[in-house]
Each structure stands twice: as structure tokens, then as C-alpha cells.
Trainee: 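Take this structure first; my questions come after.
For the numbers below, each heavy atom of this structure counts, side chains included, while hydrogens, waters and symmetry mates do not.
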Amino acid sequence: MSVLRRAKTWEISDSEESDAETQSDLNSGDNSRTATVSTDSADSQSCNKLHLSPIKPEAGQTSALSPPRPAGRGTPSPARKRRTKEEIEADRQAARERREARDRQRAARAQEKEERKQEQQRRREAAENLKSLRPENCLRCLTVCIDPALLQQDGSDVLLDTLTTFDWRFSIESQQLPHSITWTRDPPQQGEDGKGSVVEEEQVLLVLGLTDFMDLVVSVKKQMLDCDDEETGVESFVSPILEFLNRGARKVVTVLVTDSQPDYRTNASGMQVLDETLQSKLGMENVEIEEVLVYLQLSKNISLVFLDGWQEVTNHVCAVTKALSKRPFKLLTERAELPFCVDGSWASGVRVERDGSGLIQVWSRQIQQLNRVSPAVASAVTAAYPSPQLLLQAYQSLGSEEDRKGLLSGLLVKSGGKERRIGPEISARVYRCFTVQNPQLVLD
């Protein structure tokens with residue numbers, strides 16, 4: 001029996017022993033367990049009862065398995081402190097400010113995104129505009145407008161064949177100035193309706209035969225140079241040109257004189273034959289003809305070009321067309337600020353970086369612009385006064401005019417292993433250069 005009890009005690013855990021002892025204490029008068037059991041089945045049944053049957057504590061008792069309660073159990077938790085209206089309003093205000101800050105950040109990000117989008121759109125439009133201004137693209141926007149009266153002359157079909165070969169656009173329509181050739185350009189940026197206004201170029205070519213040119217010279221000679229003469233019927237020939245120039249002040253007219261009568265050109269030099277023909281018909285000397293040509297060019301901005309046949313006229317029209325196609329791109333490149341200031345040491349220029357490096361060289365070059373001011377003299381001045389502002393402040397600090405003029409005269413100049421002073425003459429010239437108010441004053 002003692003052996004069985006020892007085995008039983010070894011199998012039961014400490015918690016179970018504590019439960020059994022608690023149960024035995026609760027049941028008064030029951031101080032012994034089922035120790036008199038003599039069979040193994042009775043021991044197993046009692047063991048099962050210890051494991052499976054729950055122990056119900058009486059009122060006021062606490063189970064050994066329940067967690068311990070803190071001291072002072074049974075007392076209610078302290079009531080939650082109620083916030084005042086000021087605290088509630090402060091919390092609402094803080095939440096409102098946080099919400100407004102988030103809204104501002106969101107709006108700032110949206111605005112920044114929109115600005116980046118607009119910047120990309122502007123760059124894209126600028127790139128497209130630059131691409132459209134290239135000569136090969138600008139050439140497709142030009143249209144050569146030919147007056148129908150020119151097509152009645154012999155050899156004019158060479159012009160149409162050449163334009164067709166180059167695949168250039170041309171139109172045959174009546175012009176304001178008869179016997180003329182003009183150009184129109186389609187704008188790169190179209191309007192809202194998809195059609196932009198056509199731009200008329202200022203270049204105008206007036207194609208005249210030799211006979212018409214003689215009539216033009218007679219009219220100019222009698223009506224423009226000799227105003228005292230009576231009016232002649234030839235005046236009607238030059239009147240359309242003058243009216244056209246008055247309507248379009250920006251128009252540049254070039255008169256192309258062609259030899260429509262081959263019998264006139266028997267010599268190699270066409271100008272000599274032209275002069276002889278004009279002299280024989282008009283009784284003019286070479287000086288008088290040159291006076292007419294100079295008057296037309298200076299007073300009316302009309303240039304004259306003498307050509308031999310329609311092949312040369314066609315070549316001239318093609319050259320003008322190519323020049324007009326290159327003009328927009330050249331105008332765009334010339335819009336840069338101060339295009340005459342080029343970079344590079346060969347141009348005697350000094351490059352100034354963003355950090356300010358190079359300003360001292362610019363200050364030295366500015367002093368060297370004066371006559372007989374060598375780089376050594378300029379280096380001496382810039383070493384004593386590293387900026388023009390410091391030199392002006394030094395001038396203002398002196399009381400008399402003589403002291404200001406001789407401020408730089410005592411500076412030492414080192415050149416070729418020798419030392420010398422700048423002297424009063426150069427010092428006075430530098431003073432006049434930076435303080436004089438008269439722009440017409442000669443410094444040297």
C-alpha cells in the first residue's frame with residue numbers, strides 16, 4: 001500500500017495536489033482521501049476524478065487557477081476627466097489647421113505638376129516652331145506668285161518647268177504690279193479655324209524688256225530729275241510702280257531687265273550694247289543713265305539687274321526663293337543678346353562664370369581700353385582696387401580734385417624686371433574715364 005501511495009503521489013502534479021488540499025480544507029470533517037483503496041481500478045478512478053471533475057469554490061472563496069486580483073479589488077475605476085470647451089475647440093482648430101496644411105500641400109503639388117506640364121508643352125512648341133523655321137521646311141511654305149502677263153513672253157516656260165522640277169509651289173494670278181513676281185508664306189501657327197493669314201514677302205521682282213526699260217528711263221529722266229519739263233505720255237508707265245511703292249512702304253522692288261530683242265546684243269558685253277542703244281534712242285550719255293539708276297536705287301529703293309534671257313531670270317527667282325526660306329532661321333539666331341560679343345580668347349573676350357570668376361580679368365581689360373595703358377599698369381590698378389566700386393569709393397573719400405586725379409600716380413608698376421610709377425597723366429585719365437559726365441569728352 002505504501003508503494004501504491006508513492007506512485008500516486010509521483011504521478012500527480014503540484015497544481016493538482018494544491019487543488020486536492022484546497023478541496024479537503026473546504027470540506028470540513030473529510031481529512032482523509034480514498035487511501036484505503038486496494039485495487040488498481042479504484043486508484044485509476046480516483047485519479048480520473050482528480051483530473052476531470054471541476055472544483056467549485058464556495059461563495060467568498062477564490063479558485064487557485066484564477067489570476068490574482070490587484071490590491072483594493074472591487075473599487076470602481078476613476079471616472080474619465082471631461083474636456084472643456086476650450087480644449088475641444090483647440091483640438092478642432094488643430095485638426096482644421098492640419099487639414100488646411102494638407103490641402104495647401106496638395107494644391108502646391110498640383111500647381112507644380114501643372115507648371116511642369118506647361119513648361120514641357122512650351123518646350124515642345126518651341127522645338128516644333130524651330131523645326132518649322134528650318135530652310136528645308138520653310139521652303140515648303142513659300143508660294144511663288146507669277147503675273148499672267150509674264151507667261152506671254154517667249155521663254156517664260158523655263159520658269160514654270162524649273163519650279164515644277166524642284167516641286168516648289170507656285171500660282172499664276174494677277175499681281176498689284178503688272179509683270180511682277182511675288183512670294184507668299186504660310187504661317188507656321190494656324191488659327192483656331194485651321195487657316196492662318198498668309199504673309200506676303202516684301203521682295204518683288206519686276207521683269208521688263210529692253211524697250212520697257214527705255215521707257216522707264218525716259219519717264220524717270222523727265223519727270224523725276226527734270227521737273228520743269230512738260231508731262232509726256234510715258235509717265236503712265238512709271239506711275240503704277242510709284243503707286244505700288246506708296247501703298248506698300250516696306251516693299252523692295254528689283255527690276256530685272258531682259259533682252260527680249262536678240263538683235264540688240266551683237267557684242268560680248270551686253271552693258272556696252274545697252275548703253276549704245278539707249279544713247280542712240282534717247283540721246284543720253286553714260287553719266288545721265290547712271291544718274292537715273294542711282295536715283296531709282298537711293299530715292300525709291302529700286303534695284304536694277306540686267307539679265308540675258310529667261311534662263312537667268314529663272315536662276316534669279318530660284319536664288320531669291322532660297323534666300324527667303326533661310327531668312328526666318330537667320331532672324332531667330334540673330335535675336336541673341338549682344339550677338340557681337342563672342343566667346344574665346346581670339347576675340348579678346350573674357351568669360352565670366354556664375355561664381356564670379358573672371359570679373360577681375362574683365363576689370364583689367366576695361367582699364368586697358370585706354371590709350372598707353374599696358375597690362376602691367378592695369379594689373380597694378382586692379383591689385384590696389386580689385387573692383388570699380390572700390391576705386392569710386394576711394395575717389396569719393398578724397399576732398400580735392402587734385403588728390404583724386406593723382407590717386408593712382410604713386411602705384412608701382414613692375415615690368416621687365418624694373419619698377420616705375422603710373423604717373424599723374426595716366427592717373428588723371430583713369431579718373432576722368434570713371435567720373436566724367438560729358439560723353440563727348442576726349443580722354444586723350
Side-chain angles (χ1 to χ4, degrees), residues 98-146 160 162-173 175-176 181-205 248-252 254 315-347 349-359 362:
R98 289 193 299 269
R99 185 168 56 253
E100 291 178 355
R102 289 194 300 268
D103 294 340
R104 287 194 298 267
Q105 291 178 0
R106 191 180 299 108
R109 288 194 297 268
Q111 183 179 1
E112 184 179 359
K113 183 178 180 181
E114 183 66 22
E115 290 178 356
R116 288 198 302 267
K117 184 178 180 181
Q118 293 179 0
E119 182 65 21
Q120 292 176 359
Q121 181 67 20
R122 286 193 295 268
R123 291 181 180 179
R124 191 181 301 109
E125 292 178 356
E128 293 177 357
N129 188 23
L130 180 61
K131 184 178 179 180
S132 63
L133 292 180
R134 293 189 177 277
E136 59 273 11
N137 296 326
C138 237
L139 194 58
R140 303 189 185 98
C141 301
L142 288 174
T143 302
V144 183
C145 304
I146 306 173
L160 300 181
T162 304
L163 296 178
T164 304
T165 303
F166 290 158
D167 198 14
W168 292 351
R169 296 192 306 179
F170 65 92
S171 64
I172 301 175
E173 55 186 7
Q175 303 296 317
Q176 296 180 0
I181 300 175
T182 59
W183 286 264
T184 58
R185 183 191 306 272
D186 296 337
Q189 298 179 356
Q190 302 293 337
E192 296 179 356
D193 55 353
K195 295 182 179 180
S197 58
V198 178
V199 179
E200 294 184 0
E201 298 290 344
E202 65 272 12
Q203 295 292 332
V204 178
L205 296 182
R250 297 179 55 186
K251 297 295 183 179
V252 179
T254 302
N315 296 338
H316 190 85
V317 171
C318 294
V320 174
T321 305
K322 292 180 180 179
L324 292 177
S325 65
K326 298 177 182 178
R327 174 180 293 182
F329 190 79
K330 289 184 177 181
L331 292 178
L332 182 63
T333 55
E334 292 176 358
R335 290 178 184 175
E337 185 178 2
L338 300 180
F340 53 85
C341 294
V342 294
D343 296 334
S345 58
W346 59 271
V350 177
R351 184 177 183 85
V352 179
E353 303 296 339
R354 292 185 177 181
D355 57 353
S357 59
L359 289 175
V362 174

Trainee: Run through L142, L163, T162 and flag the one making a side-chain contact (heavy atoms from CB on, under 4.5 Å) with F170.
Mentor: L163

Trainee: With sequence neighbours excluded, what pairs up with R98 under the side chain to side chain donor-acceptor pair (under 3.5 Å) test?
Mentor: none

Trainee: So T165 and D167, side chain to side chain contact (heavy atoms under 4.5 Å, CB included) or not? Walk me through it.
Mentor: CA-CA 5 Å; T165 303; D167 198 14; over 6 Å; no

Trainee: I need the I172 CD1 to L160 CG distance, nearest 0.5 Å.
Mentor: 5.0 Å

Trainee: About how many Å separate CZ of F329 and CD of E136, when rounded to the nearest 0.5 Å?
Mentor: 9.0 Å

Trainee: So T184 and C145, do their side chains get closer than 4.5 Å, heavy atoms only?
Mentor: yes

Trainee: Determine whether T321 and W183 satisfy the following criterion, side chain to side chain donor-acceptor pair (under 3.5 Å), listing intermediate values before the conclusion.
Mentor: CA-CA 8 Å; T321 305; W183 286 264; 2.9 Å; yes

Trainee: Above 12 or not: heavy atoms from other molecules or residues under 6.0 Å from CG of D103?
Mentor: yes

Trainee: Thinking salt bridges, do R122 and E119 make one under a 4.0 Å N-O criterion?
Mentor: yes

Trainee: Taking side chain as C-beta onward, heavy atoms only, is K322 less than 4.5 Å from P135?
Mentor: no

Trainee: First locate atom CD of E114, then atom CD of Q111, and finally report the distance between them rounded to the nearest 0.5 Å.
Mentor: 9.0 Å

Trainee: When rounded to the nearest 0.5 angstrom, what is the spacing between CD1 in I181 and NE2 in H316?
Mentor: 9.0 Å

Trainee: What verdict does the side chain to side chain contact (heavy atoms under 4.5 Å, CB included) test give for E112 and R116, after you've listed the backbone C-alpha separation in whole Å, the side-chain angles of each residue and the deciding distance to 0.1 Å?
Mentor: CA-CA 6 Å; E112 184 179 359; R116 288 198 302 267; 3.2 Å; yes

Trainee: For residues Q120 and R123, determine if any side-chain heavy atom of one lies less than 4.5 Å from a side-chain heavy atom of the other.
Mentor: no

Trainee: Atom CZ of R140 and atom OG of S132: how far apart are they, to the nearest 0.5 Å?
Mentor: 11.5 Å

Trainee: Salt-bridge test for R185 and E200: reply yes if a basic N is under 4.0 Å from a carboxylate O, no otherwise.
Mentor: no

Trainee: Give the intermediate values and the outcome of side chain to side chain contact (heavy atoms under 4.5 Å, CB included) for residues L324 and Q203.
Mentor: CA-CA 9 Å; L324 292 177; Q203 295 292 332; 3.9 Å; yes

Trainee: How far does CZ of R169 sit from CG of L139, to the nearest 0.5 angstrom?
Mentor: 10.0 Å

Trainee: Would Q121 and R124 count as a side chain to side chain donor-acceptor pair (under 3.5 Å) here? Give the steps.
Mentor: CA-CA 5 Å; Q121 181 67 20; R124 191 181 301 109; 2.6 Å; yes

Trainee: Which heavy atom in S325 sits nearest to a heavy atom in C138, and how many Å separate them?
Mentor: O-CB, 3.4 Å

Trainee: Examine distances only and state if a side-chain atom of K326 and a backbone atom of R134 form a donor-acceptor pair shorter than 3.5 Å.
Mentor: no

